[in-house]
Colleague: 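Could you have a look at this structure, given as structure tokens, before my questions?
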There are 2 protein chains.
Amino acid sequence: MMNMTNAELNDQDLDQIRRICEEAGIKLTHQRLEIFKELMTARDHPSAEDIHRHLQKRMPTVAIDTVYRTLATFDELGIARRLHLANNRNLFDTNLAPHHHFICDACRKVEDVYWPDFDSTALPEEISAIGQVRSRHLELHGLCTACLEQSGE
Amino acid sequence: MMNMTNAELNDQDLDQIRRICEEAGIKLTHQRLEIFKELMTARDHPSAEDIHRHLQKRMPTVAIDTVYRTLATFDELGIARRLHLANNRNLFDTNLAPHHHFICDACRKVEDVYWPDFDSTALPEEISAIGQVRSRHLELHGLCTACLEQSGE
DNA sequence: TTCTTGGATAAGAATAATTCTTAATAACAT
DNA sequence: ATGTTATTAAGAATTATTCTTATCCAAGAA
Ligand SMILES: [Mn+2]
Ligand SMILES: [Mn+2]
Ligand SMILES: [Zn+2]
Ligand SMILES: [Zn+2]
């Protein structure tokens, strides 16, 4: 459920992107389709450069700017989400469910963290004097299990 | 308590930086002293450029690189803390007490938030399979009171 | 089918934040 | 005072991202 295999996109997904572009009134270009595929088959949190690097194997002339532009479009259309993580380049996330992230300070790996109890906890009262909170951005930092093992030797 | 006035540094502070440099075995240069003053009298979360801009009035030849370098040194020495906020340039914080931040998505103002109850809440169990958490980084995003008023008109 | 047109792209320039290189300077011990 | 060595100023370099512009291309019109 959280870790689907890197399978090919199915027809459902193709229909989805086709419909979304039509509804948004934008063209479903070869680039948009391929970037969509690349994004949907990535199971981690890829950067624009990650996507560009992979895509270049199939589309040698695709420009990094096109990847940035298209990912921004996908973010606006609600297909994916741009993640602004502290001290990091921007990453992209296809997991649209509410969640937070664990970030390994050694290898920089980013893992999804679900913590609904926290999401629904009441904020401290003093916040109301500061402003109105619209979203909570939580990052848990530490060492991932792989890095822990490595450092234990 | 949270908003001390922009008073001059007192002798106590000067002694502090002098002692810290001595203990760390680094020279107390004119630049380091002035950047320390600038940092300690700022009540917000200044960027390296903020500090540089202010400082240039008194030290016209100070290089931005010196400000970055010195702030990094202060971070290492534990005098100040470099903040890595999502989607922001790096800011610096002299508030060494454990706390989090409210960030206004309109004007980018950064305010301190204390939430000890959250700091001591147990993490979800599933985290242990991902890695070992060493710190929690929480940002509350929304609109500050000033921006709320402005948008209400 | 050919033409028209506007949105989309590729390429490279531009920008912004930060760090690096290097030669000159200045703090501090002697 | 002098010498040693850390530190600085200046500007180049780097990194991530966005902008500019000429060209391309897909879809509809003729
Ligand atoms: Mn995620
Ligand atoms: Mn703070
Ligand atoms: Zn790791
Ligand atoms: Zn505001």
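In what follows, every heavy atom counts, from backbone to side chain, and hydrogens, waters and symmetry copies are set aside. Numbers restart at 1 for each chain; the letters A, B, ... are given by sequence-line order, proteins then strands.
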Colleague: For A:Met40, run the side-chain contact (heavy atoms from CB on, under 4.5 Å) check against A:Ile35, A:Ile79, A:Ile17 and tell me which one passes.
Modeller: A:Ile79
Colleague: Rounded off to whole Å, could you give me the CG-to-P distance for the B:Asp75 and C:dT19 pair?
Modeller: 11 Å
Colleague: Please determine, for the side chain of A:Tyr68, which listed nucleotide (D:dA10, D:dA16, C:dA10) has the closest atom?
Modeller: D:dA16
Colleague: Which whole-number value in Å describes the distance from A:Met59 CE to C:dA8 C1'?
Modeller: 12 Å
Colleague: Taking CD from A:Glu34 and P from C:dA10, how many angstroms apart are they, rounded to a whole number?
Modeller: 12 Å
Colleague: Please check: side-chain N/O of A:Arg81 versus main-chain N/O of A:Leu96, any donor-acceptor pairing under 3.5 Å?
Modeller: yes
Colleague: Starting from C1' on C:dA16, measure out to CZ on A:Arg89 and report it in whole angstrom.
Modeller: 16 Å
Colleague: Is it true that A:Tyr114 and A:Asn95 share a donor-acceptor pair across their side chains at a distance under 3.5 Å?
Modeller: yes
Colleague: Compare the minimum distances between each of D:dG11, C:dT18, C:dA10 and the side chain of B:Asp65, then state the nucleotide with the smallest one.
Modeller: D:dG11
Colleague: Between B:Glu49 and B:Gln31, which residue's closest nucleotide on DNA chain C lies nearer the 5′ terminus?
Modeller: B:Glu49
Colleague: More 5' along DNA chain D: B:Ile64 or B:His30, using each one's nearest nucleotide?
Modeller: B:His30
Colleague: Hey, does the side chain of B:Thr66 come within less than 4.0 Å of D:dT8's phosphate (OP1/OP2), counting only N and O?
Modeller: no
Colleague: Taking only the side-chain heavy atoms of B:Lys27 (C-beta and beyond), determine which of D:dA9, C:dA26, D:dT8 contains the nearest atom.
Modeller: C:dA26
Colleague: Find which nucleotide of DNA chain C each of B:Thr29 and B:Ala48 is nearest to by heavy atoms, and output the residue with the more 5' nucleotide.
Modeller: B:Ala48
Colleague: If you pin B:Ile26 and B:Pro60 to their nearest nucleotides in DNA chain D, which one's is more 5'?
Modeller: B:Ile26
Colleague: Which part of the nucleic acid, if any, lies within contact of A:Asn90, taking any heavy atom under 4.0 Å across all strands shown: a base, the sugar-phosphate backbone alone, or nothing?
Modeller: sugar-phosphate
Colleague: Whole Å only: how far is the CZ atom of A:Arg32 from the P atom of D:dC25?
Modeller: 16 Å
Colleague: With sugar-phosphate meaning primed atoms plus P, OP1 and OP2, does B:Arg69 contact a base, only sugar-phosphate, or nothing at under 4.0 Å between heavy atoms?
Modeller: base
Colleague: Distance check needed: D:dT17 P versus A:Leu83 CG, whole Å only.
Modeller: 12 Å
Colleague: Starting from P on D:dA16, measure out to CZ on A:Arg108 and report it in whole angstrom.
Modeller: 11 Å
Colleague: With a 3.5 Å distance limit and no angle check, can you tell me whether B:His45 reaches the backbone of B:Val110 through a side-chain donor-acceptor pair?
Modeller: yes
Colleague: For B:Leu33 and D:dT8, give me the distance from atom CG to atom P, rounded to whole Å.
Modeller: 12 Å
Colleague: A:Val62 versus A:His52: any side-chain heavy-atom pair under 4.5 Å?
Modeller: yes
Colleague: Among the nucleotides C:dC28, C:dA17, C:dA10, which one has an atom lying closest to any side-chain atom of A:Thr61?
Modeller: C:dA10
